[in-house]
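Reviewing the structure listed below.
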Amino acid sequence: MLSLLDFRVRQRDFLLEISKAITSRLDLNEVLKRVVNASVAMLAGQVGIIALRDDRGEYHIQAVLGVPKEQIPDLNTRLLEVIQTASARDSELVNTHLREMAAVIDKRLIQSFAIPLAFGGEAMGLMLVFRSFQGGATPDDIQVLQSFADQAAIAVHNAQLYERMNFDRKQLAAVIQHSADGVVILDDALTILNFNHAAERMTGWTAWEALGLKVDEVLTFAHVDKGDLHKALEKGWPYPDQQDADDALYVEGDLLRRDGLTTSVGIQYAPLFTDDGKLANVVANVRDISNFRQAQQMQNVFISTVSHELKTPVALIKGYAATLRREDVTWDEAFVREYSGVIEEESDRLTELIEDLLTASRIQAERGLTLMPGDMNIAEIARRSVARFQTQTDQHKFEIHFPADFPLVQGDETRFRQVVDNLVSNAIKYSPNGGTIAVGGTADGNTVSLYVRDQGVGMKESEMDQIFDRFYRVDGALSRKTQGTGLGLYLSKAIVQAHGGTIRVESSPGKGSTFFVTLPVS
Ligand code: ADP
């Protein structure tokens, strides 16, 4: 038998060992193992078990002494019964379950101790010790075991905190790394500590190259529109006495990329202070605003083109009307008819332009196009369109090729006429030196195709997708001279798509273009 003094010494040694294990950052399993070992030794027992409670309140065995591995699943199930009866406060039944559990492990185990693991009032698990003799456990024994269990609970709590912190850190790192905006984290001397994927993409620098450099070696501007980091720094930014979001600094301009190109960006520099008010970090959030800039530019182009397009017919109408109204001259009938004719034509042009603008805005607002479908004879629409435009040019030769059995298709004839008119009118507009304009069709059972071919200026490959965008016009001497809003092909595409079809172009600069429209037959 141990003397009381020996016992106390042992007790102290165990506690010391356990606390050392916790503070020396051994992993949780190691700490639990030591707690189990110490507890079993303290009670001169043979078997010890520690089970931990998970987020759902279920208990799972985590550390054992004297239990073969293959018994653990069965013991987990029995443990469940113990927990359930314990929570029903039926101590008799708990003891029965504990005895059964002990017997499963080893028939010689006849006494059991159950000590809860708790931290801050929250149940974290349960420790069980079994021994092969029935002996009185003094309150002292129980108290010592409880202090072991408390140590284990601290270790579990720390491990959970550490795990959660680690998870939060990983989550944050993933958010930063995959953010669509560039995120650049700087230290208090504005040295780059973190550089995410989007920042790499926007600047052309790799994180590997950028880390450790000063921010203005990497985020350099070709042109600044708003804000200035250096001026702000000279004026004392960031101001530690106003530590709120408003203290962020916004800089907007064209960022000079590593490859010499530029990207329009808006950078928000947000300062981060330590508790005692010292600047710890600056987080720069870099947003690519090229699309926004492009949209703004497009809007400006649109306003100037549309105003120009509106002004021309209005000026003509006003001029012709003023002439007709002159009181000092009497105009003959033929003259009046000719002038009124021009006024009527120009009014039609105005109406058409306004219609186009309204349709475009409806499409843009995603209210879509309403179609009035019926049988549609594309060959006939094309013939009539060519006949109308032929009268407006003597520089161009027209050819029409449709097979005799070209099928009727389902569609909105008025809308589709707009597509054909637009393609034929463009073919004339963009072949200023004349040439042949061929309009024709092919059919293959399920689909029909219409083509409009010219021998005009053509276009570069890079323009081929963009010409179908709203207000897009190829920038060149010819388009500056020719009337147009850049809406024709945008509307044509929308109309063709509303019919379930496609439109595309084949072209080469100086040689001409062919537009193809393909529609399903039904
Ligand atoms: P608009 O003719 O009013 O400018 P569109 O949307 O009809 O607008 O055409 C967009 C742009 O596509 C034109 O400005 C022109 O640059 C180009 N384009 C259209 N058709 C042709 C063509 N047949 N040949 C060459 N370029 C064309």
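Keep in mind that this is a model prediction, so the values were computed, not measured. Order of appearance sets the numbers: ligands from 1, and atoms from 1 within every ligand.
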Go through the structure and list residues passing ring pair (Phe, Tyr, Trp, His ring centres under 6.0 Å) with His401, not counting sequence neighbours. none

Nearest protein heavy atom with distance in Å, relative to [atom]:
{"atom": "atom 4 (O) of ligand 1", "answer": "Arg473 NE, 2.5 Å"}
{"atom": "atom 8 (O) of ligand 1", "answer": "Gly486 CA, 3.2 Å"}
{"atom": "atom 5 (P) of ligand 1", "answer": "Leu489 N, 3.6 Å"}
{"atom": "atom 7 (O) of ligand 1", "answer": "Asn426 ND2, 2.8 Å"}
{"atom": "atom 26 (N) of ligand 1", "answer": "Met459 CE, 3.5 Å"}
{"atom": "atom 17 (C) of ligand 1", "answer": "Ile467 CG2, 3.8 Å"}
{"atom": "atom 11 (C) of ligand 1", "answer": "Tyr472 O, 3.7 Å"}
{"atom": "atom 15 (C) of ligand 1", "answer": "Tyr430 CZ, 3.5 Å"}

Will you find, in the side chains of Asn422 and Ser425, an N or O donor that is under 3.5 Å from an N or O acceptor? no

Any donor-acceptor N or O pair under 3.5 Å, side chains Ser290, Asp288: yes

List ligand 1 atoms under 4.0 Å from [X], heavy atoms only on the residue side.
{"X": "Asn422", "value": "7 (O)"}
{"X": "Lys429", "value": "1 (P), 2 (O), 3 (O)"}
{"X": "Ser513", "value": "22 (C), 24 (N), 25 (C)"}

Are any of the N or O atoms of Gly484 closer than 3.5 Å to those of ligand 1? no

The answer for which part of Asp454 has a heavy atom under 4.0 Å from ligand 1 is side chain

Return the minimal non-hydrogen interatomic distance between Leu255 and Thr203, and the atom names on each side. CD2-CG2, 3.8 Å

Non-hydrogen side-chain atoms of Met376 and Val448 separated by less than 4.5 Å: no

Could you tell me whether the side chain of Val183 reaches within less than 4.5 Å of the side chain of Ile185, counting heavy atoms only? yes

I would like to know whether Thr447 and Asp444 meet side-chain hydrogen bond (donor to acceptor under 3.5 Å, both in side chains); could you show each step before the answer? CA-CA 6 Å; Thr447 58; Asp444 72 359; 2.9 Å; yes

Non-hydrogen atoms of Phe468 versus ligand 1: any pair closer than 4.0 Å? no

Kindly check if the number of other-residue, nucleotide or ligand heavy atoms within 6.0 Å of CD (Glu333) is above 12? no

If you look only at distance, which donor and acceptor atoms sit under 3.5 Å apart when one is on a side chain in residues 499-506 and the other is two or more places apart or in another chain?
| residue | atom | partner | partner atom | Å |
| --- | --- | --- | --- | --- |
| His499 | ND1 | Ile495 | O | 2.9 |
| His499 | NE2 | Asp412 | N | 2.9 |
| Arg504 | NH1 | Glu506 | OE2 | 2.9 |

